[in-house]
Undergrad: 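The structure follows.
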Amino acid sequence: MNRIWKSVIFMLAIVYFLVDAVFMTVARPFANRIAAHRIFGSLRIRIVSLRPYPTLALFAVPLIVLEPVKPVAAYLAGTGHIAMGVTVLVVGEVLKLVLLERLFSVSREKLISIPAFAWTYGRYSQAKEWLDSFEAWQTARRWRRLARYAVRSYVQEVRASQRLERVSFQPR
């Protein structure tokens, strides 16, 4: 029975990390745009000035507040509100990951100085490397890069055609 529970928990953990990995591809560009705004410069200074354990408490806030989004989204989808469930899941996950990514990038060294966090982060890194070693995962990443390239090319073509339409070729 104990072995079955471990297998179930392991599978749930894999699904959880896969969902976060998918959403992180969307969240990282948003996080980088947010970080570029000067409004967040003073906030960054305040976060950097915190000691390790208050930084950990700040890092935990988005997890505690936004992690229940997944079960709420599942409940909404299960009760027939599929569009609302997907919307809640996407918005909540992207918001959570953007906040976590920004907080982690600003305070990584302080968080790693906490032994329990360092141990957990080490296990997370090992799991990520293990996932990256699969050929299926590498293929999915290649497809994602190809899709991103195709979308960028299409957007550039559309923008170029719109610029040409704005230019008037009629004589004055």
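Start at 1 with the first residue, then count along the sequence. Below, each value reflects all heavy atoms present in this structure, side chains not excepted, and no hydrogens, waters or symmetry copies.
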Undergrad: Mind checking ring pair (Phe, Tyr, Trp, His ring centres under 6.0 Å) for Phe134 and listing every partner two or more places apart, or none if nothing turns up?
TA: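 Listed in chain order: Trp130.
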
Undergrad: Let me confirm one number: the CD1-OG1 distance from Ile114 to Thr120, rounded to the nearest 0.5 Å.
TA: 10.5 Å

Undergrad: Between Lys110 and Ser49, what is the shortest heavy-atom contact and its length?
TA: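 For Lys110 versus Ser49, the nearest heavy atoms are NZ-C, 3.7 Å.
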
Undergrad: Taking C-beta and beyond as the side chain, do Leu95 and Val69 meet within less than 4.5 Å on heavy atoms?
TA: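 No, too far: nothing below the 4.5 Å cut-off.
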
Undergrad: I need the Glu67 CD to Glu93 CD distance, nearest 0.5 Å.
TA: 6.0 Å

Undergrad: Is the closest side-chain donor-acceptor distance between Thr139 and Arg142 under 3.5 Å?
TA: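 Their side chains do contain a donor-acceptor pair, which is all the 3.5 Å distance test asks for.
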
Undergrad: For residues Gly85 and Ala73, report the shortest heavy-atom separation together with the two atoms involved.
TA: O-CB, 3.2 Å

Undergrad: So, taking the atom named CD1 in Ile47 and the one named OG1 in Thr55, what distance separates them when rounded to the nearest 0.5 Å?
TA: 8.0 Å

Undergrad: Roughly how far apart are Ile45 CD1 and Leu50 CG, rounded to 0.5 Å?
TA: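 One gets 12.5 Å once the value is rounded to the nearest 0.5 Å.
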
Undergrad: Do you know the tightest heavy-atom contact between Ile64 and Pro68?
TA: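 Residues Ile64 and Pro68, closest heavy atoms: O-CD, 3.4 Å.
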
Undergrad: Transitively linked via ILVMFWY side-chain contacts under 4.5 Å: Leu43 with Leu99?
TA: no

Undergrad: Do Ile82 and Val90 belong together in a cluster built from hydrophobic side chains that touch within less than 4.5 Å?
TA: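 Same hydrophobic cluster.
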
Undergrad: For a quick test of reading the model, state the closest non-hydrogen atom pair linking Gln138 to Asp132 and the distance between them.
TA: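 The pair with the smallest heavy-atom distance is NE2-O, 2.9 Å.
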
Undergrad: Looking at side-chain heavy atoms only, is the closest gap between Ser105 and Glu101 below 4.5 Å?
TA: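 Heavy-atom side-chain distance check passes, below 4.5 Å.
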
Undergrad: Quick check: do Pro62 and Leu103 have side-chain heavy atoms less than 4.5 Å from each other?
TA: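 The answer is yes, as the side chains (C-beta and beyond) meet within the 4.5 Å cut-off.
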
Undergrad: The test is side chain to side chain contact (heavy atoms under 4.5 Å, CB included); show your working for Leu100 and Leu66 and say whether it passes.
TA: CA-CA 11 Å; Leu100 289 176; Leu66 295 171; over 6 Å; no

Undergrad: For the hydrophobic clusters of this structure (ILVMFWY residues joined by side-chain heavy atoms under 4.5 Å, transitively), does one cluster hold both Val48 and Ile112?
TA: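 They do share one cluster, since a chain of ILVMFWY contacts under 4.5 Å joins Val48 to Ile112.
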
Undergrad: Answer yes if Val106 and Val61 sit in the same cluster of Ile, Leu, Val, Met, Phe, Trp and Tyr residues linked by side chain heavy atoms under 4.5 Å apart, and no otherwise.
TA: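 Not linked; separate clusters.
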
Undergrad: According to the ring-ring contact (aromatic ring centres under 6.0 Å, His included) rule, which pairs have a member within residues 42-93, sequence neighbours left out?
TA: Phe59-Phe117

Undergrad: Looking at CZ of Arg102 and CZ of Arg44, how far apart are the two atoms once the value is rounded to the nearest 0.5 Å?
TA: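 The CZ atom of Arg102 sits 6.5 Å away from the CZ atom of Arg44.
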
Undergrad: Test of understanding: with ring pair (Phe, Tyr, Trp, His ring centres under 6.0 Å), list the residues that count as partners of Tyr121, not counting sequence neighbours.
TA: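 Counting only residues at least two positions away or on another chain, Tyr121 forms a ring pair (Phe, Tyr, Trp, His ring centres under 6.0 Å) with Phe104.
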
Undergrad: Under 4.5 Å between side-chain heavy atoms, counting indirect links through other Ile/Leu/Val/Met/Phe/Trp/Tyr residues: same cluster for Met84 and Val72 or not?
TA: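 Both belong to a single hydrophobic cluster.
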
